[in-house]
Amino acid sequence: MKRFTKMEYESPDEMCFGFAKHPVKTRNGLEVGAGYVNPIIKVAPKEGSENSKESMVSECRNIAISACQRAVNIGLPSFILEQEHIAQQTANPDWAGECTQAQVEVLEHFQDEYGIKTALKATPADIRDEEKGSTYRTSEQYQNVMESIEQCCENGASIICIETTGGKSVSDYGISRGDPRALLFGIGVLGSIDMEFMWTEIVKICDKHNVIPGGDTNCSQSNTAMFLAGGLLDKDCSHTFAAIARGIGAANSLVAVECGAKGPLKDCGYENPIVKAISGVPIATEGKNAVCAHSDLMGNLIAGICDCWSNESVYHREEMGGTTPEVWLQATGFEAALMNTSIETGKHKDLRDLYTLTDKYRDPQALILAYDNAYRIGEAIVEYGDDPYRRSIAAALEVCNIITEAVEAKKMQLTRFEQDSLESAMRSFKKLPDDSAKFIKRANRRYGRKVEDFDPKNYELN
Amino acid sequence: MKRFTKMEYESPDEMCFGFAKHPVKTRNGLEVGAGYVNPIIKVAPKEGSENSKESMVSECRNIAISACQRAVNIGLPSFILEQEHIAQQTANPDWAGECTQAQVEVLEHFQDEYGIKTALKATPADIRDEEKGSTYRTSEQYQNVMESIEQCCENGASIICIETTGGKSVSDYGISRGDPRALLFGIGVLGSIDMEFMWTEIVKICDKHNVIPGGDTNCSQSNTAMFLAGGLLDKDCSHTFAAIARGIGAANSLVAVECGAKGPLKDCGYENPIVKAISGVPIATEGKNAVCAHSDLMGNLIAGICDCWSNESVYHREEMGGTTPEVWLQATGFEAALMNTSIETGKHKDLRDLYTLTDKYRDPQALILAYDNAYRIGEAIVEYGDDPYRRSIAAALEVCNIITEAVEAKKMQLTRFEQDSLESAMRSFKKLPDDSAKFIKRANRRYGRKVEDFDPKNYELN
Amino acid sequence: MSYKDLEEKMNQEKIAIRYNVVAEGAAMKAEDYPEVKEILPEEEPFRTISLEILYEDKINALKDVKKALDEGISPIEIINNGLMKGIDAVSTLYTKGVYFLPDLMLAGDAMMESVKECESVLGRKSDTKGTVVCFVAEGDPHDIGKNLILMFLRAGGYEAIDLGRDVPAAKVVEAVKEYDPIFMTGTALMTTTMTAFSKVVDALEQEGLEVPAIGCGGGAVRKDYVESMPMTVYGVEAYHTPKLADAILNDNKNWEDLRKEYSDVVGEFVSEYAS
Amino acid sequence: MSYKDLEEKMNQEKIAIRYNVVAEGAAMKAEDYPEVKEILPEEEPFRTISLEILYEDKINALKDVKKALDEGISPIEIINNGLMKGIDAVSTLYTKGVYFLPDLMLAGDAMMESVKECESVLGRKSDTKGTVVCFVAEGDPHDIGKNLILMFLRAGGYEAIDLGRDVPAAKVVEAVKEYDPIFMTGTALMTTTMTAFSKVVDALEQEGLEVPAIGCGGGAVRKDYVESMPMTVYGVEAYHTPKLADAILNDNKNWEDLRKEYSDVVGEFVSEYAS
Ligand code: B12
Ligand code: B12
């Protein structure tokens, strides 16, 4: 495996939405990162559709038809349908296969009839569960994940993604307690170990079927922190702490790329700008057109250097303006159209900067993902690129530096809670040993005791 | 009444979102058109809330609280809450008063606590109904509309708007039959007569209470055409015909301003760019963040020169990302933030142009509202500014010219249906007499026969 | 760079594609479509009359209908073999996407006037497939959807009773008593008027009245709400209405069947009925 | 113009305002808040112990609790007059927005360990206000909400039983039999796992079991869905849980009452319960 020890981009300014150093092209001719932005539509299956394979297949097909109809009705040149599979679809790989087949059929029908470019991104669920002792590397759940991926590949998916969950038990502990070391161990160490394991396998399967291995996300960890952090007035997780989680999350998500993921990386990976800066793979992001699913504080900024633009998730139901696959594809499609217009007219860097500056100082989490700062964090990561542990610390510290500088420049305001947790995290990171083995040994002991579900076996750490 | 016979703007390029020649300022210090864009949130009351005054008041209050909470949680500097009243609220003016009071209380509470700038725009319903013979100028329904407006003013609304419906019976006939003369008569003549009557009264009431008379919209006519026109593949109304309706609609909506409306004009008035070009008053528009309510083909373009940015309407219910007042205020709020960032950085004209070019050739309806073309239509209108009839023809013909030129330049593609209806409309407009009295006499006879509901008395035409 | 310059740089195809223009085939005369050929009669004067309806020519249709009546041709035959064939062809072209709403409305106007002419000779109303009652919910002024429905029903051979807009439940009940319709349609465009449907259903139930189905549709109406009461079916497109009525008339379907088989009955994918 | 230059031109206040920073008052020590003063005991060693909980100091809390126990002070008194007062103050500051989740979790950890110490002397589990059972819906791995709930309940003086995530209905039924809880909470973050709630309710009803209320919440869960079955109450914020339990315990409220009085019970405006 090739670790990233230098940046694929020469400078932050080189990065912009619609352009990736290493674009990808699907079988059907849809390109990602090749000079235009693709909208993504993603709709959660209706309640009750989980009851049988038939109802799930029909649900998936219907989501695809609605999206296609609206796409041609408003004139979108291309779009990507992403389907995140629920547990039942992954636990029963034949469901995954048939759902994929049904959706691919619809997309190809519309592509044939109208010439619109389409692609299916299939995202099986990581159904391994430390709590239940279903081991990460051998259990039936693990087997089903891999078999589902195989099924998606065989049935015509263009891109495969997943949200792996390695290290989650420890990071959950860390996030809810504001414990920076648990964050580092859960995300930077355990998460990276598990991701390497998973993606080595996934890439093999994709390569066999000539399907694009998309990417992973640190959803299970940094997004958990972000969701707990919530809005400016919420009080569950410090926003500086969540920013640190995000920085470490980048060091983690990068592993999938190192194992051969080619992008687009998963939309919910808010760390993607950092990963793109390092690796040059195309990314999907979500922000102001994902308000249906959640509220974030960087709804514009996160569009700055995306290659696909997503709505994250929405109930499958009716709105006044149509069904949700229609309505939300129109939302992401129109924003992508704006970005593409700016590309066509050569104004894309201006729009990128406007997106970025709209949110840069709205919140520390936004601040560190502004593309210039994302680039800095990337540089910190590649400096220790060979060592997942040390690069995670480097990312975390660079996050702290960026925020501190902005505060000193009086551009970023922090609450006392945010300021305190920032300082205390910085102090603990600075005290950590350089040697990862040493840290792992201590952390293994500490969190083995504190976190019931955590099982070092899952990471071959004992 | 002062008719517009010249343009308030010197050139199209002078126009941009966030800036109006004649900004307005509410009691609470919120400004419109004074260098920043305000997001608007508008939520339709829940089913069942119409059952009693109490439930409606509580519904209105709750919408306001949710919106305020999200606004401060994501850091919006200002926003406008618009409440479109349903028939029950207008038929019972005490409902209108108490609902307004409840909402104003909430807004002021948050303004006091956090310093966020807020304003309430109240929009009573035009409950007059030609079909029922409830006359336009004397009926109880008419009285209740005026009394409701008075109540809203007395109870603290910052801005009053309305969607009057004069001429609707005839324009409905025209739209569904593709009859250009009915369009002209219904919108340009009857609509203008009724609007003059209504707005003379409304402005009096607003002035008495020192409340801003906002504006009207050609919703009942041009939007009906636009909704019937639907998406590119729909087949109910020609998109060129709908574009013509819009052009005439501008000549109509302008009347409110001539009577003293100061803006922001109503969000659903897609003709607003034309009215702004002529009169310099601030406008509200809605587009890509109104997908909850409807699909349009100019979701970006219509933001080009807006002063307030609206979501049009949404069910009051839960989404994963929160309740709809929260979610959709975030949507319009984040887009407004992007516009404001561009203003702050001096890049607003670039963003305006990107918005515009994204949709300019998506559809003929979009084409004619691109700010340069809107300006041209404005010029056509003011040339005959003194005569509502002739300025309507001028607007219609300029719409036809703009589309024809774009087709000839091979920038706009039309279907046969669109091309045919464009040409036939042009032919009929060219055959019309110059003298409005002559036209009115003929039209009165023709549509008096064809349109059951139409009663010339309502327009003092007999 | 100026706006104009920016515009010149753009490749529109990268931004927005008018798939309808792209997909549109070569121009063809309405009567040459194979589906239309199958419908139109060969025999005169029916052929001419049906073509006049097809081409929305009210004046000549009326003239030729009158002539035919003068010549002693049975008004029933004129209606069934001429006028209805013409409107049938119009509906077919509308469904196919060749004809558009104004065609349908104008052809409908021509047909309705001509039918009236025939009826005046016949001395009574001509037979229709059945009666359908249409209303807009109480408190709601939005009536364009309802007006489309009227036209589609009439073009489909139904007697369509128009109760107008803002119609109280009591008036709907009266109409049911008076017309005993095989189908009813209600339209509401507002969240707060959609509730009128349940008032109508309650009122009918209280009087012990029943309608095979009440199609409830309109901009703000949600399927889940409509299906929270009996007797109703959520309606999506105005042109679905005659198909729903046909299913009731020909296949004895009721509201429960229609809820299950909506897509099949109207013969297309309907997003709202998805899954 | 470069990105940096653009940035320099901006007045941030026109774009985004951090109202929380603006609204934040001067720094104050936790123990100096009047609400906290009212709660904390005067008497030693309770005061010291409660302060240690307030300041999330597990090590010293444990040390001082052990010392007190050694000195023969009643474990029950230590719990009630020391530990619970401390955690009560913590909850108060959390609700006030001065304290944050990590404070609550760490203070909770300190309290739980200290309570265990007391119980080992007591020779049995200490009394709690009552037992609440918490689970995550079958098929759902999202458990952070549920974990917060556990902590809030424990801080609120309840025995909170953790059934974990992805819990089949049968296991919930068993737990109800075993613990006879006064309240139960279920969490689901997916549209397709929210349906597990109705399976739980069905299973309970089949066994003739009843719980005063099952609070059902989580990211994708909608109130309308939850209220489509009996026994359930839609839950919004994790910190509402002890208040709901209190209402059941002290005021005999059941699920029907809680649905109606949710906002009052939790003492704040709740958007989802609006109107
Ligand atoms: C045009 C319009 C008007 C016109 C109506 C003109 C007319 N003759 O109908 C006027 C200006 C009068 C008007 C007024 C108001 N309106 Co209005 N209006 C609209 C608008 C822009 C278009 C509606 C329309 O004609 N659509 C086209 C027709 C064809 O659609 P349709 O009726 O739904 O029918 C289609 C289908 O539903 C189907 N169908 C319908 N019924 C059935 C039945 C069956 C069986 C079947 C099979 C199919 C079917 O067939 C059609 C398609 O083929 C909508 C916007 C929108 N997003 O819908 C707002 C809208 C409906 N209005 C709205 C409001 C709030 C109002 C006002 C209360 C505003 C105010 N305060 O002034 C007033 C009403 C005042 C009053 N008296 O109570 C809101 C409703 C919000 C809500 N959820 O409750 C909307 C959504 C706009 C908004 N603000 O967001 N309006
Ligand atoms: C973190 C996360 C994960 C993590 C979970 C980590 C963990 N330990 O829980 C991981 C990565 C494992 C994960 C996986 C998946 N996830 Co996930 N995940 C999220 C995310 C980003 C945040 C959830 C979260 O923790 N929120 C914070 C907690 C605190 O909120 P909460 O539990 O709702 O609790 C709050 C309230 O609801 C309340 N509450 C909860 N219960 C109760 C009860 C009572 C009585 C009361 C009073 C209050 C209450 O208290 C809390 C507030 O104080 C959401 C995004 C989102 N918009 O929510 C997606 C989300 C929930 N996930 C989603 C999906 C689809 C998945 C996957 C299926 C994706 C996939 N194919 O891989 C998988 C699941 C695979 C499987 N095994 O089935 C979707 C669900 C869509 C839907 N509508 O169905 C979401 C919405 C994201 C999306 N894609 O849009 N996910």
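Reminder, nothing fancy here: chain letters follow the sequence lines and each chain counts from 1.
Contact check for D:Ile15 versus A:Arg362: side-chain heavy atoms found under the 4.5 Å cut-off. Side-chain contact between A:Lys46 and D:Thr191 is absent, with no heavy atoms from C-beta onward closer than 4.5 Å. Taking the side chain as every heavy atom from C-beta outward, D:Val21 and A:Leu414 never approach each other to under 4.5 Å. Residues D:Arg165 and A:Asp129 have side chains in contact (heavy-atom distance under 4.5 Å, counting atoms from C-beta outward). With a 4.5 Å cut-off on side-chain heavy atoms, A:Leu232 and D:Tyr19 do not count as touching.
Residue contact with chain A, scored on non-hydrogen atoms closer than 4.5 Å, involves the backbone and the side chain of D:Glu7 alike. Of the two parts of D:Ile144, only the side chain, counted from C-beta on, holds a non-hydrogen atom closer than 4.5 Å to a non-hydrogen atom of chain A. In this structure, chain A has a heavy atom under 4.5 Å from the side chain of D:Asp143, while its backbone stays farther away. Of the two parts of A:Ser313, neither the backbone nor the side chain holds a non-hydrogen atom closer than 4.5 Å to a non-hydrogen atom of chain D. Contact annotation for D:Ala220: both backbone and side-chain heavy atoms come within less than 4.5 Å of a heavy atom of chain A. Within the 4.5 angstrom heavy-atom criterion, only side-chain atoms of A:Arg317, from C-beta onward, approach chain D. Both the backbone and the side chain of A:Asp363 come within less than 4.5 Å of a heavy atom in chain D. No part of A:Asp359 comes within reach of chain D, as not one of its non-hydrogen atoms sits under 4.5 angstrom from that chain. D:Leu104 does not touch chain A: none of its heavy atoms, backbone or side chain, sits under 4.5 Å away.
Among A:Pro12, A:Gly178, A:Ser176, the residue with the largest count of heavy-atom pairs under 4.5 Å with chain D is A:Ser176. Per-residue heavy-atom pair counts under 4.5 Å with chain D were compared for A:Ala87, A:Ala44, A:Pro45, and the maximum is reached by A:Pro45. Annotation: maximal heavy-atom pairing with chain D below 4.5 Å, among A:Ile86, A:Asp13, A:Leu233, A:Leu297, occurs at A:Ile86.
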Does D:Arg222 form a salt bridge (Lys or Arg N to Asp or Glu O under 4.0 Å) with A:Glu47? I'd like the steps, not just the answer.
CA-CA 11 Å; D:Arg222 294 188 313 267; A:Glu47 56 266 26; 2.7 Å; yes

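For D:Glu35, the CD atom is densely surrounded, since the number of other residues' heavy atoms within 6.0 Å is greater than 12.
The structure places OH of A:Tyr173 at 12.5 Å from CG of D:Asn147, a figure rounded to the nearest 0.5 Å. We find the NZ-CG distance between D:Lys4 and A:Asp372 to be 4.5 Å, quoted to the nearest 0.5 Å. To the nearest 0.5 Å, atom OH of residue D:Tyr3 and atom NZ of residue A:Lys349 are 13.0 Å apart. Rounded to the nearest 0.5 Å, atoms CG (D:Leu106) and CG (A:Asp179) are 8.0 Å apart.
Aromatic ring centres of D:Tyr99 and A:Phe417: separated by at least 6.0 Å.
For the residue pair A:Glu131 and D:Gly164, the shortest heavy atom distance occurs at OE2-CA, 3.4 Å.
The closest side-chain donor-acceptor pair between A:Gln88 and D:Thr192, if any, does not fall under 3.5 angstrom. Judged purely by distance below 3.5 Å, without hydrogens or angles, the side chains of A:Asp236 and D:Tyr239 never pair a donor atom with an acceptor atom.
In this structure, D:Asp103 does not pair ionically with A:Arg177, as no charged nitrogen and carboxylate oxygen lie closer than 4.0 Å. Salt-bridge formation is detected for the pair D:Arg18/A:Glu418: a Lys NZ or Arg NE/NH1/NH2 atom is positioned less than 4.0 Å from an Asp or Glu carboxylate oxygen. Ion pairing of A:Lys411 with D:Glu8 is present here, as a side-chain N (NZ or NE/NH1/NH2) and a carboxylate O approach within less than 4.0 Å.
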